[in-house]
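Right, one structure below, let's go through it.
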Amino acid sequence: RHIDYRHLVMSPVNRPPIAQPIVAQKLPYYFTKEAIDQILPLLDHPSNKIQWRAMSALSTIARHHTKLLFENVSQLIEIMNAGSVITKDHGVKIMLCLYENPSYQNTIGVLLNEQILQAPDNQLGQYAEKWSKRIDSNDLGALIRSLETRQSDLHNPSHQKRISKILKKLYKTANIK
């Protein structure tokens, strides 16, 4: 039996009424490899709205399908780099789920650090905080260096203060005074 999962990234107006309760009740089981295979092509859709909705769907199920998403990480990064802030936010969420798998940490750590270096000033603190909560000691130094580099370029005092707080916690974790 073929089930079409694409309606999950459609606008709520076009979404069949049954879709929402099924997603809420059976999230890990509802999204199978078949669903991901249907959602991934939507990342190349010309509409940015469809792209970020597809990224949103993928970020929701990322924890349950790390292998499939890791196999498509280059496409995810490409969409993140070309997409909107919402697309990037969901992409970072996916990367963080992948990072929790020790076999992917080396690769994903480098990609997350690139996202930190490229992040818009107003998103930098959010991305750094999320990564700092689960960062491995091998990537700690790279994150600290990236934040130190970026901090001097921040113009908004609230952004600078947020990065200072994150760096203070990271220094404590790394035993740096």
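Atoms considered below: every heavy atom in the structure, side chains included; atoms not considered: hydrogens, waters and symmetry mates. The model shown is predicted, which means the values in this text are computed figures rather than measured ones. Positions are given from 1 along the sequence.
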Minimum heavy-atom separation for [X] to [Y], with atom names?
X    : Y    : answer
W131 : G109 : CH2-O, 3.5 Å
Q75  : L40  : NE2-O, 3.4 Å
S132 : L170 : CB-CD2, 3.7 Å
H90  : S59  : ND1-OG, 2.9 Å
L140 : A174 : CD2-CB, 3.4 Å
I116 : L147 : CG2-CD2, 4.0 Å

With a 4.5 Å limit on heavy-atom distance, are the side chains of [X] and [Y] in contact?
X    : Y    : value
K172 : K168 : no
R162 : Q126 : yes
V92  : M80  : yes

Measuring from [X]:[atom1] to [Y]:[atom2], what's the distance to the nearest 0.5 Å?
X    : Y    : atom1 : atom2 : answer
Q115 : N113 : CD    : CG    : 10.0 Å
I39  : M55  : CD1   : CE    : 12.0 Å
Q160 : L124 : CD    : CG    : 11.5 Å
I50  : T87  : CD1   : OG1   : 11.0 Å
C97  : H64  : SG    : NE2   : 8.5 Å
R134 : Q105 : CZ    : CD    : 11.0 Å

Could you walk me through whether L167 and I163 pass the side-chain contact (heavy atoms from CB on, under 4.5 Å) test, one step at a time?
CA-CA 6 Å; L167 279 169; I163 297 304; 3.9 Å; yes
Do any N or O atoms from the side chain of Q51 and from the backbone of H45 form a donor-acceptor pair under 3.5 angstrom?
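Judged by distance alone, yes, a pair lies under 3.5 Å.
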Looking only at the side chains, is there a donor atom on one of [X] and [Y] sitting less than 3.5 Å from an acceptor on the other?
X    : Y    : value
S146 : T149 : no
D89  : Q123 : yes
Y99  : D139 : yes

Assess whether atom CD of Q118 is packed by more than 12 heavy atoms of other residues, nucleotides or ligands within 6.0 Å.
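Yes, CD of Q118 has more than 12 neighbouring heavy atoms, counting only those of other groups under 6.0 Å.
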Determine whether Q151 and H159 satisfy the following criterion, side-chain contact (heavy atoms from CB on, under 4.5 Å), listing intermediate values before the conclusion.
CA-CA 8 Å; Q151 187 178 29; H159 296 161; over 6 Å; no
Tell me which one of N48, L58, D44, N72 satisfies side-chain contact (heavy atoms from CB on, under 4.5 Å) with I79.
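Passing option: D44.
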Test of understanding: clusters of I, L, V, M, F, W, Y form through side-chain heavy atoms closer than 4.5 Å, transitively. Do [X] and [Y] belong to the same one?
X    : Y    : answer
Y127 : V110 : no
I86  : L69  : no
V73  : W52  : no

Are N101 and K67 close enough, and set up right, to give a side-chain contact (heavy atoms from CB on, under 4.5 Å), and what steps lead you there?
CA-CA 9 Å; N101 184 327; K67 184 176 186 235; over 6 Å; no
Identify whether the distance between the nearest side-chain nitrogen and carboxylate oxygen of E129 and K165 falls below 4.0 Å.
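Salt bridge flag = no for K165 with E129.
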